[in-house]
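Notes for the one structure printed next.
Note that these values count all heavy atoms, side chains included, but never hydrogens, waters or copies made by symmetry. A note on names: the letters A, B, ... follow the listed sequences, proteins ahead of strands, and every chain is numbered from 1.
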Protein chains: 2
Amino acid sequence: MAKKSFLEQLINSPLAAKAGVPQGYPLRRYKQGEPLLHAPIVVGGQGRLTDALNTVLEGPYKLLKAEADSPRAGIVFDATGLTRPEDLNQLHSFFHPQIKKVADNARLVVIGTTPELIDDADARIAARALEGFTRSLAKEMRKAATVQLVYVDPAIDSSNFSTVESTLRFLLSGKSAYVDGQVIRVTPAPAEAPADWEKPLAGRLAVVTGAARGIGAVIAETLARDGASVICVDIPQAGEGLTATANKVKGTALPLDVTDPAAADKLAQHAQERYGKKIDVLVHNAGVTRDKLLANMDDSKWNMVQNINLIAPVRITEKLLAAGALGEKPAVIGVSSTSGIAGNRGQTNYATTKAGVIGFVDSLKDRLAEIGGNINAVAPGFIETDMTAAMPTGPREVGRRINSLQQGGQPVDVAETVAYFASTASTSVNGNTVRVCGQSMLGA
Amino acid sequence: MAKKSFLEQLINSPLAAKAGVPQGYPLRRYKQGEPLLHAPIVVGGQGRLTDALNTVLEGPYKLLKAEADSPRAGIVFDATGLTRPEDLNQLHSFFHPQIKKVADNARLVVIGTTPELIDDADARIAARALEGFTRSLAKEMRKAATVQLVYVDPAIDSSNFSTVESTLRFLLSGKSAYVDGQVIRVTPAPAEAPADWEKPLAGRLAVVTGAARGIGAVIAETLARDGASVICVDIPQAGEGLTATANKVKGTALPLDVTDPAAADKLAQHAQERYGKKIDVLVHNAGVTRDKLLANMDDSKWNMVQNINLIAPVRITEKLLAAGALGEKPAVIGVSSTSGIAGNRGQTNYATTKAGVIGFVDSLKDRLAEIGGNINAVAPGFIETDMTAAMPTGPREVGRRINSLQQGGQPVDVAETVAYFASTASTSVNGNTVRVCGQSMLGA
């Protein structure tokens, strides 16, 4: 991380806070061994999931009555019972008295039925309306509390509620500290709870590209923390950083250019030779930017970004799939970006690839589901890395603050989301692109 | 419009412009009788629509060779031929040399195939990537030039290209002056070109709710300009304004509370009694805000907004559909909001209804298609109305400028989009929520 300039120190100081410059509230992040939440949770609403919710949450969380006055660190609302626009008043009547009792870093989750899978028009309208509610409420919360919406398939009820558990555990813990105002869709594909929720990736073999430094290195560490063996991949020139990451995570290093036409074969071969098994988790983290206005962008800046960010992940994944080189319940994870969602000035090349990653997830989700796996993407917003540290002070300080949490995220926030997708408990989470952006105001 | 304060005048002055305060470039809006564009257009790309594009555009526009050096006011790129991520380099090679030749107020349109309807994974990825390109390029354009993406159904080719014509004419004219960086999906439902493109609504009977003032009054005027007969609806208390609008558009006034359980019957009855026909165009413009943080919001503020903005449009439409009271090729048009897409602090009630309107469009599009009609919504961003004029100067001046066109829109910009949806030439435009926001940076 670059040394902080005087201006940067000033703008992040208590003095600036007194002058009204927004200073984000400290985020409570996940720590192995600590309780998932620091205060009890409340369950509200009445729908087809309410009983299962109470049962599933009873173990990991302390449940509180909605009427209690003590601070709550979690609120889960079952909105699957809201089947007409007229029913939406239940959102107001339940949440209105709760808001003032919410603890810092609280986790609010509304669960509805996936609108586009609902036949009844009234129920579909009510379900779709939830998104306006949760995204607005997320913008109202203070002290790092977050609000999310989980859409579950109509085929999910109490009998197969295990499909939702990994998502709930993610959203109700510090693992999702920098995920805010987002929507996650859950399918009824059978999900397998891990023997130990603190080692959800035990026995999994993961590949992380771009692992020599930055977000990639932290993804490798986080997957290893969760029990995975990790093959760390980066370009040969990144040698030292790559070795450092591999040693840190007790994994192996594979120097490899992802645009190498033989990249997929080399990955599969390395997995077999060093671990005697197939790849279970494939994280396409390697990526570059080459920003220029399109009017001034030469071919090489366009093509390099396309080749590394989009074409390589697509070709590697398709080849590994065709060769049967992915393991059981494989998880493929792409890295998109808020730029890929909203577009960004100076990034026609980059945003094309990052929108392409969303298409990559959409286009392969059925194929992955067929073999028991899943494919999803993270879309980071402003994450504190060497890259953002090198930005000019003004744009950086604005970029950091124009989100509901009024601060930049950490690489670990991206990594936790990747780890959530990577688990066999998340095979029911398929086809999502989840923003890790503190509910950035920037969007489409 | 409220009188301008000194501060407001200052911030919008040439002095402020010199000091670096963004001042939007004047938008060239549609005027009946004027050429659609003020300079020729260029067609690029090679796909299944290229021949039809050249034929269809030949009439209303002057076509120019891509190699020509003179300014172009329109660029249309057929991206349906890009079927692999590797093909995306054609975006760069075509657009890069064009950008410096673009005229002020130019209209750039990329046409691709609707990604979610494509079976082939590679083609779907390439199609989805287009969105990152167009949204970024829109953020780079200057002097009020806009960039849009049109996704056409795989079943659309040269033989039924008429389905795309109303969308092209809208996006290639001043009618879409404040629509920027957006995506519109076109279906293969047969579309009927009007006898006269300057009177596309001739013979249509339209209902506009909330027509007494503001955006509603301008929608009524615009539909009348395009040849429609207009029933102007507003609450009885709005009497004077309602009569004024009705007289201006040579329509009829119907004082009616949209939350009246008999509202649908009264609308149908008025149409029959005064015009001897059914309703062809139904514009649900009536809407209110009652902003408060959820923690401070009482029942009445929640319920009033729900009843008027969401429940009334849903119930009125469903009753008119059930009663067979809509005419041939009926067009139903909702009004959503960027708040419904992104959420907004202090608007949990409003954003819930405006997200609900998106659900309303989604849930009824198949039913409208079955009877030859369509349903769509506009989602206005910052529009210059009495409401925004009454905002405090600071937030208003920021709100006006945080979009790619660096200015607020006019009510007519919303109205032109409504008129585009309302035509029988747009029955192939179904299920869209189109933002009229100058590509506001705010989004989800």
Nearest heavy-atom neighbours spanning B/Ile311 and A/Glu86: CG2-OE2, 3.3 Å
Heavy-atom side-chain contact between A/Arg135 and B/Asn344 under 4.5 Å: no
Largest heavy-atom contact set with chain A, pairs under 4.5 Å, which of B/Val361, B/Val357, B/Asp362: B/Asp362
Side chain / backbone / both / neither for B/Leu293 at chain A, heavy atoms under 4.5 Å: both
Options B/Gly340, B/Ala342, B/Cys437, B/Gly359, ranked by heavy-atom pairs under 4.5 Å with chain A, top entry: B/Ala342
Under-4.0 Å salt bridge between A/Glu140 and B/Lys292: no
Student check: side-chain heavy atoms of B/Phe133 and A/Asn349 closer than 4.5 Å: no
Top contributor to chain B contacts, counting heavy-atom pairs under 4.5 Å, from A/Glu116, A/Met141, A/Met441: A/Met441
Contact leader toward chain B among A/Phe95, A/Tyr350, A/Trp302, where contacts are heavy-atom pairs under 4.5 Å: A/Trp302
Euclidean distance, A/Leu364 CG relative to B/Arg124 CZ, rounded to 0.5 Å: 9.0 Å
Taking every non-hydrogen atom, the tightest pair across B/Leu88 and A/Gln306: CD1-OE1, 4.1 Å
Winner by heavy-atom pair count (cut-off under 4.5 Å) against chain A, out of B/Gly132, B/Ala138, B/Ala127: B/Gly132
Region of B/Ile125 in contact with chain A, defined by heavy-atom distances below 4.5 Å: both
Any donor-acceptor pair under 3.5 Å from A/Arg435 side chain to B/Ala444 backbone: yes
Structural part of B/Arg315 lying under 4.5 Å from a heavy atom of chain A: side chain
Segment of B/Gln439 engaging chain A (4.5 angstrom heavy-atom cut-off): side chain
Per-residue contact mode, B/Ser440 against chain A (heavy atom under 4.5 angstrom): backbone
Contact class of B/Asn303 relative to chain A, heavy atoms under 4.5 angstrom: side chain
Closest contact, heavy atoms only, B/Ala129 versus A/Thr352: CB-O, 3.3 Å
Pick from A/Met297, A/Arg84, A/Gln182, A/Lys100 with the largest number of heavy-atom pairs that fall under 4.5 Å of chain B: A/Met297
Among A/Asp120, A/Asn296, A/Leu130, residue most engaged with chain B (heavy-atom pairs, under 4.5 Å): A/Asn296
Gap separating the NE2 atom of A/His96 from the CG atom of B/Leu294, nearest 0.5 angstrom: 7.0 Å
Atom pair CZ (B/Arg345) and OG (A/Ser404), whose distance is rounded to the nearest 0.5 Å: 9.5 Å
Considering all heavy atoms, the nearest B/His92-A/Asp299 contact: CE1-OD1, 3.1 Å
Closest non-hydrogen atom pair between B/Leu137 and A/Thr348, with its separation: N-CG2, 3.8 Å
salt_bridge(A/Glu131, B/Lys354) N-O dist < 4.0 Å: no
Toward chain A, the part of B/Gln98 with a non-hydrogen atom under 4.5 Å: neither
Residue selection (most heavy-atom pairs with chain B, distance under 4.5 Å) from A/Val183, A/Asn307, A/Asp298: A/Asp298
Proximity breakdown for B/Leu442 and chain A, heavy-atom pairs closer than 4.5 Å: both
Option that, when pairs with chain B are counted at under 4.5 Å, heavy atom only, ranks first among A/Pro115, A/Gly346, A/Ala126: A/Gly346
Nearest atoms (heavy-atom pairs only) where A/Ala351 meets B/Ser136: CB-OG, 3.0 Å
